[in-house]
Amino acid sequence: MTEKLFSPVDYAVPFFILLVILEMLWVRRNAPEKYEPRDTLTSLALGTGSTVAGALFGGTMFAIAMWGYGFRITTIPWTWWAWIACFVLDDFFYYVFHRSAHRVRWFWAAHVNHHSSQHYNLSTALRQTWTGFFAFTFLFRLPLVFIGFHPAMILFVGAINLIYQFWIHTEAIYKFPRWFEFIMNTPSHHRVHHATNPRYLDRNYAGVFIIWDRMLGTFTEEVEGEKIRYGIVKQLGTFNLLWSVFHEWVGIARDIWSAPWKHKLSYAWRPPGWSHDNSRDTSDTIRQRWLDRQTQQPAE
Amino acid sequence: MTPAVVEILKLAGSVAAILFLAWFARKLGLGGDVRIRSEEQARAIADEIICGFDPVDIAIDKAGIGALMRDAQGRHLLVRRHGAHFAGRLLDNHSETRLDQNFLTVGTGERTFGRVTLNLGKEAQYWASGLRHLRT
């Protein structure tokens, strides 16, 4: 049974390319600055590199999942409801992973390259990590294995989740009907997630269902008329591919090297931007400073 | 075909596709020639780069490709174009400064960010002096 499962992403790639072309044509008519050829090249190279990393480390990750499957508490059958349950639960654990990826610097180091473009278009969706294996991101799916879902099923629904997230990386769509925006992750919700505007920092972690953010207090609605700025708090300022991949890992290494002994590990597990002497900004301190200014300034 | 050959072919296809898309984006003329055209715009960019950075002194490059700004605390912010957007760095006393008449070259010490040469006209000397006296 498991050997017959195909890779949905392989079949989706031609559609990804077609949609990127269509979006480029739309952008040329409406706002040419929404694409930048060098940024696009970096994003797509990151995507290709991530598939190579997946090929290199995927076998090891699957072997670990199969090992964990030996300790499952029950065996979930290969029936229609199991696929639905697996998809929904996998999306919940994706939320947990994604939230951790923004709040723990070690995980952020692997995830940051998805956010380091100052553009937000369909090519941004393909900026995927090369170093997820070293950040142990696959561990976040292990609870599903222990519950009793087969690793091949988890891998398949995870790929569907990834494909869903492709089309929401666009400014070509504003908002959907309210019922859809209430349940599903949409371009509007995900624009908020990629924004560096203080009000939007570390919000909307959802993969497919935005309800997780609504339930767990991390949801923020896109405010009409407020210009969104994309990227990361300290913009890279370069299109260098290797720096895009490794800059946060290099930053962690430098900080751990130079920090006092009792603070060394904190530079790996505390939030991005944390420093032992409070000389840097985290998303929380930036948001607080912005909120303070809002209360001090009279409404315009 | 063996699985390894299939993977190599897929990789080759991906590389061909990304090169095509990057070429297509360039062919369509996508991107933008962004410039800093006013102090108001420079202030907005500064606030985007460092939330709450409120410049009291601003020098914009004659062509609008970058700017230097100083706030009331004496912090200096260097801004330059990055593709169709702007990026910036706070400068410190390790920053490299080189003055050549109206042109001021500023290096952040960050190799990937690079050096920026700004045409600041007669203000170049004033800003060069300010940068050389940064305390931290």
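Throughout, protein chains are lettered first and strands after them, A, B, ... in sequence-line order, and every chain is numbered starting at 1. For the numbers below, each heavy atom of this structure counts, side chains included, while hydrogens, waters and symmetry mates do not.
- By the neighbour-count criterion of 12 heavy atoms within 6.0 Å, atom CD of B:Gln125 is sparsely surrounded, having that number or fewer from other residues, nucleotides or ligands.
- Contact annotation for A:Val13: neither backbone nor side-chain heavy atoms come within less than 4.5 Å of a heavy atom of chain B.
- Atom-to-atom distance recorded for B:Ile50:CD1 and A:Asp281:CG is 7.5 Å, nearest 0.5 angstrom.
- Going from atom CD of B:Glu48 over to atom OG1 of A:Thr196 covers 7.5 Å, rounded to the nearest 0.5 Å.
- Side chain of A:Glu36 to backbone of B:Gly32: no donor-acceptor contact under 3.5 angstrom is found.
- Once rounded to the nearest 0.5 Å, the distance linking CG of A:Leu41 with CG of B:Leu19 reads 6.5 Å.
- A distance of 7.0 Å separates CD1 in A:Ile17 from OG in B:Ser14, rounded to the nearest 0.5 Å.
- A:Pro32 and B:Gly29 get closest at one heavy-atom pair: CB-O, 4.3 Å.
- With respect to chain A, the highest number of heavy-atom pairs below 4.5 Å among B:Val15, B:Ile49, B:Leu21, B:Leu11 belongs to B:Leu21.
- Note: A:Leu242 CG to B:Thr112 OG1 = 11.5 Å, rounded to the nearest 0.5 Å.
- Atoms CZ and CZ, from B:Phe24 and A:Arg28 in turn, are 7.5 Å apart once rounded to the nearest 0.5 Å.
- Contact of A:Asp10 with chain B is made through the side chain alone, with heavy-atom distances under 4.5 Å.
- The environment of CZ in B:Arg132 is crowded: more than 12 heavy-atom neighbours from other residues, nucleotides or ligands sit within 6.0 Å.
- Most heavy-atom pairs under 4.5 Å with chain A: of the set B:Cys51, B:Gly52, B:Gly88, this distinction falls to B:Cys51.
- Crowding of B:Arg35 atom CZ: a count of heavy atoms from other residues, nucleotides or ligands under 6.0 Å exceeding 12.
- The shortest heavy-atom contact between B:Leu30 and A:Pro37 is O-CD, 3.4 Å.
- Residues A:Tyr230 and B:His85 keep their aromatic ring centres 6.0 Å or farther apart.
- Shown here for A:Gly237 and B:Ala87, the closest heavy-atom pair between the two residues is CA-CB, 3.9 Å.
- The contact between A:Leu236 and chain B is made entirely by backbone atoms, counting heavy-atom distances below 4.5 Å.
- Heavy atoms closer than 4.5 Å to chain A are found in the side chain of B:Arg80, but not in its backbone.
- Proximity to chain B (any heavy atom under 4.5 Å) is shown, for A:Ala45, by both the backbone and the side chain.
- Across B:Leu28 and A:Met24, no two heavy atoms sit closer than the pair CD1-CB, 3.8 Å.
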Inset, instruction - Apply the test side-chain contact (heavy atoms from CB on, under 4.5 Å) to residues A:Phe239 and B:His82: give CA-CA distance (whole Å), side-chain angles for both, the deciding distance (0.1 Å), then the verdict. - result: CA-CA 9 Å; A:Phe239 298 111; B:His82 174 55; 3.5 Å; yes
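- Side chains of A:Ile21 and B:Phe20 form a contact here, defined as non-hydrogen atoms less than 4.5 Å apart.
- Of the residues considered (A:His247, A:Gln235, A:Arg293, A:Arg289), A:Arg293 shows the highest number of contacts with chain B, using heavy-atom pairs under 4.5 Å.
- The candidate with the highest count of non-hydrogen atom pairs below 4.5 Å against chain A, out of B:Gly114, B:Gly13, B:Ala17, B:Ala84, is B:Ala84.
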